[in-house]
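Nothing here was measured: the structure is a model prediction, and the numbers come from that model. The sequence lines fix the lettering, A, B, ..., with proteins before strands; numbering per chain opens at 1.
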Amino acid sequence: MRLLMMIKKYLIQSLLDALHHLNIQAEPIHIAPTKNPGFGDLSTNLAFSLSKKIGEQPIDIANRIKTHLKLDPGLIQEISVSEPGFINFQISRSYYQGLPEQILKEGQLYGRETEGKGKTANVEFVSANPTGPLTVGHGRQAVLGDAVASILKWHGYDVTREYYYNNAGRQMRLLRQSVEARYFQELGKDIPLPEGGYKGEYIRDIVQIIRRKHGDKLHADDIIFQKEAEEHIFNNIKSSLEKIGVKHDRFTNEKMYYENKAIDKLLQSLKQSDLIYESEGATWFKTSSIGKSQDRVLIKSTGEPTYRLPDMAYHQDKMNRGFDLIVDIFGADHVDTYPDVLSCLDVLHYDTSKIKVLIHQFVTLIEAGKTVKMSTREGQFITLENLINETGPDVVRYFFIMRGMNSHLNFDMDTAKDQSDQNPVYYLQYAHARIANIIKHGESLGYTLNTSFDPALLVHSSEVDLLKQLDLFPIVMDTALETLEPQGIANYLQSLAAHFHKFYAVCRVITDDKSLSQSRLALISAVQTVLANGLRILGIQTPERM
RNA sequence: GCCCCGGUAGCUCAGCUGGAUAGAGCAACAGCCUUCUAAGCUGUAGGCCACAGGUUCGAAUCCUGUCCGGGGUACCA
């Protein structure tokens with residue numbers, strides 16, 4: 001157990017003892033970190049919850065409790081009561097001073113919990129169908145999903161990063177028809193794009209490839225059109241992902257669920273639950289009978305399944321593969337559709353509590369001050385690749401991670417470019433590089449990191465503040481596991497870097513004072529370790545120099 | 001119409017399982033480099049936390065309603 005948790009437990013027990021002495025009935029006690037260091041490190045609102053019950057002013061109760069509190073001064077340096085009735089605790093400095101040694105000992109493991117050890121997790125993300133290049137919007141999901149996977153991995157899960165796509169449906173047919181139309185157009189035939197067809201320039205690129213590889217004599221409906229289009233686009237998608245450091249372990253497409261009859265079997269199972277009926281030539285899933293507002297079509301009157309059906313079979317497959325945790329990362333457009341998938345699994349008695357669905361809001365693209373509706377079909381988008389080339393992978397990753405996933409993201413390409421060299425990510429990396437440089441500087445003067453430094457020399461307020469920041473990392477990582485939101489890590493690292501830069505401005509590490517230099521070397525090395533741990537989870541480089 | 005997100009400094013956003021003076025970056029203004037990286041630090045200015053009620057000792061945070069923006073509500077994915 002972490003030391004801080006032990007301190008909390010200790011405080012709660014001591015408070016309960018004090019209540020016992022005062023003959024006050026016990027209450028659930030909450031110990032929370034304070035926001036303002038003037039009030040110490042931890043505080044409790046206990047007196048407020050007791051106030052009503054025993055009819056006294058909170059401040060009086062707090063004072064009475066305080067006089068009956070017996071705490072080890074080696075652990076709790078000071079107890080105070082402040083208006084309107086908080087009881088505050090200041091943790092002893094020696095607790096914080098012990099952190100660098102612990103962090104340096106644990107290294108890359110510092111802050112890691114083992115909750116996921118021996119468990120498997122599957123994270124599905126991106127999952128864009130191969131109908132066009134990845135857009136800035138897909139980038140958000142790619143980065144988010146990758147970071148979520150890393151958080152799980154950090155906590156011990158064996159993680160599979162998975163990409164699921166549809167290549168059997170209407171969209172792919174439209175893609176093929178669009179390529180075909182452009183192909184014949186280039187050969188001088190007047191064949192229009194299909195309605196709702198893909199208008200992007202990349203279609204013409206594919207046509208060029210096809211003409212080069214297969215000549216100009218292809219017939220309409222040739223399978224080559226779809227094959228080449230899919231292959232070309234998929235390679236493009238994979239290379240974009242690679243550029244921001246995203247690598248999936250597994251690509252799964254819906255075809256296999258037709259081929260291995262999983263879809264047929266699934267329909268049969270649903271029929272046995274009496275939740276399937278035919279109407280107007282289509283096959284419906286009777287979701288209205290399990291509390292949903294309307295029924296959903298599973299097989300269209302054309303005989304073609306909707307995307308829902310293979311999606312259900314896919315999720316059934318993921319459940320069958322036995323993961324302890326299944327994370328789906330979807331865009332806001334799926335907000336109404338994933339419940340159908342879950343309903344289906346519920347009906348089939350799968351434990352859907354294993355599935356966590358993370359919905360992220362869309363990226364609104366702004367160009368020349370105007371909102372641009374992105375549409376792959378209309379050929380109107382800025383590609384992820386484009387963005388990476390303009391700003392670099394670290395900037396892109398940080399840009400998406402530092403925002404909450406359920407906030408709409410206004411993405412202004414112009415400011416993204418302008419701000420790329422003043423992006424907050426450099427602030428973090430700069431702290432890391434600065435530390436590396438100080439360590440190098442120390443080495444050139446014969447100072448090397450030594451385990452026998454004196455932690456009690458770390459007493460400057462900027463040092464203590466920095467130590468307190470280091471203490472937060474495990475908590476931040478716990479929260480990240482709980483919420484599966486990487487944003488908190490980014491916020492924390494920002495704050496850690498800020499405390500380091502402030503320390504740097506007022507405390508010199510390498511000085512003539514040999515023992516102080518050693519202590520500070522240990523401190524900044526610990527900071528560097530935590531920065532690196534965090535940045536690695538976010539998939540961001542940790543440069544030694546900038 | 002119904003459902004899901006959001007509305008916090010001029011701009012982009014944190015903070016939201018209730019707590020004590022609401023934060024950062026950019027933009028503006030004023031300072032700091034004979035000393036380990038100024039991609040940094042310090043200070044000033046900038047806020048009825050959309051609005052109105054409610055719950056509470058205490059609300060940016062929870063509840064209800066209104067307004068504004070985005071998305072969904074397909075036999076598209």
Looking only at the side chains, is there a donor atom on one of A:Thr131 and A:Gln171 sitting less than 3.5 Å from an acceptor on the other? no
If pairing requires Watson-Crick or G-U wobble contacts with both distances under 3.5 Å, which nucleotide is the partner of B:C62? B:G54
Using the P atom as the point on both nucleotides, what is the distance between B:A50 and B:G7, in whole Å? 7 Å
Regarding the side chain of A:Asn406, the nearest nucleotide among B:G40, B:C75, B:G6 is B:G6
Considering only the C1' atoms, how many Å lie between B:C5 and B:G47, rounded to the nearest integer? 24 Å
Identify which nucleotide among B:A77, B:C36, B:C75 has an atom closest to any side-chain atom of A:Gln171, counting heavy atoms from C-beta outward. B:A77
In short, A:Leu449 meets A:Ser525 closest at the heavy-atom pair CD2-OG, 3.7 Å
Tell me the interatomic distance from A:Arg403, atom CZ, to B:G15, atom P, rounded to whole angstroms. 12 Å
Does A:Arg434 make a cation-pi contact with A:Phe500 (under 6.0 Å, within 45 degrees of the axis)? no
What about A:Ser43, does its side chain sit under 3.5 Å from the base of B:A20 through a donor-acceptor pair? yes
Assess, by modelled atom type and distance only, whether the side chains of A:His315 and A:Asp328 contain a donor and an acceptor separated by less than 3.5 Å. yes
Please tell me which of the listed nucleotides, B:C5, B:A14, B:C75, lies nearest to the side chain of A:His408? B:C5
Can you tell me if A:Tyr307 touches the phosphate of B:A74, counting only side-chain N or O atoms and a distance under 4.0 Å to OP1 or OP2? no
Nearest to the side chain of A:Gln361, which nucleotide is it out of B:G70, B:G40, B:C13? B:G70
Pairwise C1' distance for B:A59 and B:G19, with rounding to whole Å: 9 Å
If the glycosidic angle sits within 90 degrees of zero it is syn, else anti. Tell me which applies to B:C33. syn
Taking B:A39, B:U35, B:C75 as options, the one with an atom nearest any side-chain atom of A:Val297 is B:C75
Let's test this: given Watson-Crick or G-U wobble pairing with both distances under 3.5 Å, identify the partner of B:U34. none
Counting heavy atoms from C-beta on, name the nucleotide in B:G72, B:C36, B:A77 closest to the side chain of A:Ile510. B:C36
Quick one: is A:Arg170 getting a side-chain N or O under 4.0 Å of the B:A74 phosphate, OP1 or OP2? no
Any donor-acceptor N/O pair under 3.5 Å between B:A20 base and A:Asn88 side chain: yes
Does the structure place the NZ or CZ of A:Arg403 under 6.0 Å from the centre of the six-membered ring of A:Phe399, at an angle of no more than 45° from the ring's axis? yes
Is there a donor and acceptor pair closer than 3.5 Å between the side chain of A:Ser301 and the base of B:C75? yes
For the P atoms, the ones on B:C13 and on B:G70, what distance do you get once it is rounded to whole angstrom? 14 Å
Rounded off to whole Å, could you give me the CG-to-C1' distance for the A:Asp340 and B:A74 pair? 12 Å
When both hydrogen-bonding distances must be under 3.5 Å and the geometry is Watson-Crick or G-U wobble, what is B:C26 paired with, if anything? B:G10
By nearest atom, which of the nucleotides B:A77, B:G19, B:U73 is closest to the A:Phe86 side chain? B:G19
Starting from the 5' end of RNA chain B, give me the residue, A:Ala282 or A:Ala505, whose nearest nucleotide shows up first. A:Ala505
Is any side-chain nitrogen or oxygen of A:Lys35 closer than 4.0 Å to OP1 or OP2 of B:A22? no
Between B:G65 and B:A27, how far apart are the C1' atoms? Round to whole Å, please. 37 Å
Whom does B:C76 pair with, Watson-Crick or G-U wobble, provided both distances fall under 3.5 Å? none
Among the candidates B:G40, B:G15, B:C4, find the nucleotide nearest to the side-chain atoms of A:Gln487. B:G15
If you measure from the P atom in B:G40 to the same atom in B:C26, how many Å do you get, rounded? 7 Å
Among side-chain atoms of A:His138 and A:Thr135, is any donor-acceptor pair under 3.5 angstrom? yes
Provide, to the nearest angstrom, the distance between the OH atom belonging to A:Tyr338 and the C1' atom belonging to B:C3. 11 Å
Hey, does the side chain of A:Lys502 come within less than 4.0 Å of B:G40's phosphate (OP1/OP2), counting only N and O? no
Taking only side-chain N and O atoms of A:Gln294, does any of them lie within less than 4.0 angstrom of OP1 or OP2 on B:C3? no
Can you check whether any acceptor in the base of B:C75 is under 3.5 Å from a donor in the side chain of A:Glu304, or vice versa? no
Base of B:A20 and ring of A:Phe39 stacked, centres under 5.5 Å, planes under 30°: yes
Could you go through A:Glu162 and A:Thr252, starting from their C-alpha distance and side-chain angles, then the distance that decides it, and tell me whether this counts as side-chain hydrogen bond (donor to acceptor under 3.5 Å, both in side chains)? CA-CA 7 Å; A:Glu162 189 150 330; A:Thr252 304; 2.8 Å; yes
Distance between the C1' atoms of B:C2 and B:C57, in whole angstroms? 39 Å
For the residue pair A:Lys271 and A:Tyr277, would you count it as a cation-pi contact if the rule is NZ or CZ under 6.0 angstrom from the ring centre and within 45 degrees of the ring axis? no
Residue pair A:Pro84/A:Val509 against RNA chain B: nearer the 5' end by closest nucleotide is A:Pro84
Just N and O in the side chain of A:Ser407: are any of them under 4.0 Å from OP1 or OP2 of B:A14? yes
Starting at atom OH of A:Tyr398, determine the distance to atom P of B:A14, rounded to an integer number of angstrom. 12 Å
If the cut-off is 4.0 Å, is A:Lys52 near the phosphate of B:C57, judged by side-chain N/O to OP1 or OP2? yes
